[in-house]
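Numbered from 1 within each chain, the chains take letters A, B, ... in sequence-line order. All heavy atoms count here, side chains included; hydrogens, waters and symmetry mates do not.
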Amino acid sequence: MGMVQPKSLKYRVMWTHIFMWFFLASIIFPLLVIIAISFRTGNFSVGEIIPSNPTLDHWKLALGMSITDADGTVTPPPFPVLLWLWNSVKVALISAGLIVALSTTCAYAFARMRFAGRTLILKAMLIFQMFPAVLALVAYYALFDRIGEYMPWLGLNTHPGLIFAYLGGIALHVWTIKGYFETIDQSLEESAMLDGASPWQAFRLILLPLSVPILAVVFILAFIAAITEVPLASILLQNMDKLTLAVGAQQYLYPQNYLWGDFAAAAVLSGFPITIVFLLAQRWLVGGLTAGGVKG
Amino acid sequence: MSNVLLKNVVKNYNPGKARDVLRGINLDIKEGEFVVFVGPSGCGKSTLLRTIAGLDDITDGELYIGDHFMNDVPPVDRGVGMVFQSYALYPHMDVRTNMGFGLKLKKMDKTQIAKRVDPTAELLGLTKFLDRKPKALSGGQRQRVAIGRCLVQQPNVFLLDEPLSNLDASLRVKMRMEIAKLHKELGATMIYVTHDQVEAMTLADRIVVLSPLPPKATTNLEQVGAPLELYRTPVNRFVAGFIGSPKMNFLTGMLEEIGKKSCTVKLDTGNLIKVSVDASTGKPGDQVDLGLRPEHTVMLDHPQADSTITGTVKLAEHLGSESFIHLEVGCTPFTVRVRPGTPAKPDSQFDIGIPADACYLFDENGKAFERTEIFVRQD
């Protein structure tokens with residue numbers, strides 16, 4: 001803080017600021033463009049950043065309201081965007097919750113228990129995760145087609161099926177949480193066991209409350225991934241009323257007619273749940289939970 | 001209160017692949033006794049404590065606590081309480097919850113928990129801090145909470161794993177006295193692990209000295225005994241070198257004359273030293289190590305000086321109440337304690353008188369010859 005700095009530091013700080021502003025602008029600009037398109041009259045992808053005669057038509061259609069033109073023709077909303085949004089939120093919340101539950105228990109086993117094949121399984125999980133899931137789309141389709149024959153509620157074209165498919169991608173989360181668990185002194189749980197806690201109680205009453213920040217991070221990451229995921233959802237879901245928003249929004253873009261304005265409104269809409277979840281989860285992202293438990 | 005009995009305990013973390021950490025541990029710890037495990041790092045003293053607690057399983061041998069066979073009993077049912085080196089307080093709970101955690105798990109109701117926690121907090125001077133989180137406490141207070149959490153469980157055996165090693169020097173002395181007081185008040189069986197021999201000497205009824213297990217040895221339990229017994233009559237060179245601060249000096253030589261009451265040793269430097277030990281089991285010409293504590297040397301003209309050696313001064317440390325002079329005898333470092341302020345110029349020669357009854361003698365394998373007389377300084 002009070003350290004004496006060389007003169008050149010001032011310029012370096014200045015250049016860093018300039019760089020950061022450019023960087024920030026390049027991130028925020030696309031978002032601004034999408035918002036601009038959603039308020040622009042007509043369905044154009046290029047045009048003014050601040051529309052000269054803004055319209056709410058695209059938003060009305062996205063929010064399920066019919067619009068009436070100047071000549072009196074009524075255009076009903078072409079797609080159930082709000083339903084898609086609800087589908088997305090439902091799938092993302094449930095899958096993120098299950099992913100946190102699964103990867104936490106998994107990570108606990110890998111961090112604290114010694115069993116045969118432990119390192120092998122850990123590494124294998126990471127390596128399998130390196131193959132893009134997209135490559136296995138056909139396999140996913142075939143698998144869920146067959147599952148559906150026995151358990152229709154978990155087969156193709158169902159949300160439980162999609163959630164089940166998403167649960168396959170927890171390897172990285174397991175690694176993340178395992179790394180965090182390993183920073184927590186094991187003597188805390190040993191002490192709890194001497195106090196009479198079962199391994200499950202030691203896990204739930206001691207380790208979990210101290211791991212809230214990393215659980216929040218994993219929840220947010222899993223939630224974002226589920227909201228924005230397209231390939232798998234587009235293969236597994238087929239009915240118009242089952243689609244998630246990320247898949248459904250593409251219905252606006254068919255080769256004969258790119259409805260950019262309507263698409264943009266839907267796209268901005270899909271950003272809301274992520275923002276809300278992040279704002280809610282933010283208060284769990286705190287440091288210093290383990291302070292004072294063991295000597296520093 | 002319970003006694004603790006270990007029979008031929010062996011611990012190996014990876015049997016068949018790794019070396020044993022503990023081997024041939026036989027111990028009989030009596031009810032209400034304060035036993036201290038000491039040893040250099042890596043000797044397995046913490047491991048031994050953890051096997052008694054049940055945090056590590058026993059590879060071979062038998063463990064009894066209060067005459068019950070405990071090898072396969074989970075920690076909570078052994079009736080032991082443990083204070084960890086790192087305190088291991090639950091950071092997300094306040095002091096009250098920390099101390100009552102075990103009782104809550106045992107499904108005690110709140111008033112009963114309070115009935116146990118409050119007097120314990122009172123005893124340890126923690127009443128003011130009951131609503132604080134561990135991070136708002138100082139090191140000594142955290143230490144007391146850790147002890148308190150152990151106390152409210154009313155265990156039969158207390159296990160303490162280097163509980164004072166994270167405290168600063170003055171606090172350590174204070175807590176050491178508090179632990180001694182606590183042991184007197186409770187009369188509980190306590191097993192205490194430390195590498196600090198001052199703690200071991202001051203607290204222990206009996207000290208257990210452990211060494212890092214040599215590959216072929218049958219045990220790494222070197223000696224069990226009262227503090228002064230270990231100081232006066234160590235059974236081997238390891239215990240002699242470990243107990244005592246500053247460390248015992250060792251000089252190599254060979255037996256010149258043997259006898260039941262005393263013998264003569266010819267050092268490699270050529271000096272002849274008279275030693276009061278029963279060396280009748282050896283024979284002249286045997287290689288031996290002569291041990292001499294820094295505080296057991298005398299001035300040349302002292303009536304107790306039976307032999308003399310001469311060293312070159314390397315460094316003098318004047319501590320005020322006493323002075324230590326670090327010498328080199330032959331090529332071996334040799335430390336002596338002298339009267340405060342004794343002048344000693346570096347590289348000058350320094351003569352020391354050696355009482356025969358102050359000497360320890362060890363054979364080639366490090367085993368001690370029995371001492372026939374114990375040195376008492378006469379000023």
Side-chain angles (χ1 to χ4, degrees), chain A residues 100 104 108-120 177 179-217 281 283-296, chain B residues 13-14 46 50 53-56 74-95 97-108 132-139 141-143 145-146 149-150 152-153 155 157-159 161-167:
Chain A
V100 167
T104 318
Y108 178 72
F110 281 118
R112 290 293 197 252
M113 296 175 183
R114 298 282 167 269
F115 48 88
R118 176 175 159 274
T119 45
L120 185 74
I177 301 177
Y180 190 87
F181 280 172
E182 281 169 352
T183 64
I184 296 176
D185 196 318
Q186 199 163 350
S187 61
L188 289 178
E189 290 146 75
E190 289 176 345
S191 167
M193 297 222 188
L194 277 165
D195 274 348
S198 64
W200 169 251
Q201 283 175 317
F203 170 68
R204 197 175 63 81
L205 299 175
I206 306 298
L207 200 57
L208 272 195
L210 300 176
S211 311
V212 168
I214 200 70
L215 301 188
V217 168
R283 61 188 177 124
W284 304 113
L285 298 175
V286 288
L289 274 188
T290 54
V294 297
K295 58 102 209 251
Chain B
Y13 279 106
N14 202 349
S46 284
R50 290 172 60 89
L55 296 172
D56 280 324
V76 56
D77 299 325
R78 293 190 181 202
V80 299
M82 184 159 168
V83 177
F84 289 82
Q85 182 178 9
S86 61
Y87 316 147
L89 301 181
Y90 312 128
H92 54 300
M93 304 178 186
D94 60 27
V95 171
T97 331
N98 253 295
M99 287 170 60
F101 183 70
L103 303 180
K104 207 174 129 205
L105 288 179
K106 289 186 182 120
K107 307 255 188 298
M108 273 196 184
R132 288 207 199 165
K133 291 266 178 74
K135 73 175 158 197
L137 299 177
S138 71
Q141 289 161 351
R142 286 180 200 175
Q143 181 59 64
V145 176
R149 194 176 57 181
C150 186
V152 294
Q153 295 269 44
V157 180
F158 283 83
L159 307 173
D161 188 2
E162 306 205 21
L164 305 184
S165 61
N166 294 322
L167 303 177

What heavy-atom pair brings A:Asp195 and B:Gln153 nearest, and what distance separates the two atoms? OD1-NE2, 2.7 Å

So which atom in B:Tyr90 and which in A:Leu188 form the shortest heavy-atom distance, rounded to 0.1 Å? CE2-O, 3.5 Å

Write down the atom of A:Ala192, the atom of B:Leu105, and the distance for their closest heavy-atom approach. O-CD1, 4.3 Å

Can you tell if the side chain of B:Leu159 reaches within under 4.5 Å of the side chain of A:Leu194, non-hydrogen atoms only? no

Decide yes or no on side-chain contact (heavy atoms from CB on, under 4.5 Å) for B:Phe84 and A:Asp185, but give the supporting numbers first. CA-CA 11 Å; B:Phe84 289 82; A:Asp185 196 318; over 6 Å; no

A:Ile206 and B:His92: side-chain contact (heavy atoms from CB on, under 4.5 Å), yes or no, with the steps? CA-CA 8 Å; A:Ile206 306 298; B:His92 54 300; 4.2 Å; yes

Taken to the nearest 0.5 Å, the spacing of B:Asp161 CG from A:Glu190 CD works out to 10.0 Å

Scored by heavy-atom pairs under 4.5 Å with chain A, the best of B:Arg149, B:Lys133, B:Arg78 is B:Arg149

Between OG of A:Ser191 and CG of B:Leu89, what distance do you get to the nearest 0.5 Å? 8.0 Å

Side chain / backbone / both / neither for B:Arg50 at chain A, heavy atoms under 4.5 Å: side chain

Here the gap from A:Gln201 atom CD to B:Lys104 atom NZ, rounded to the nearest 0.5 Å, amounts to 10.0 Å

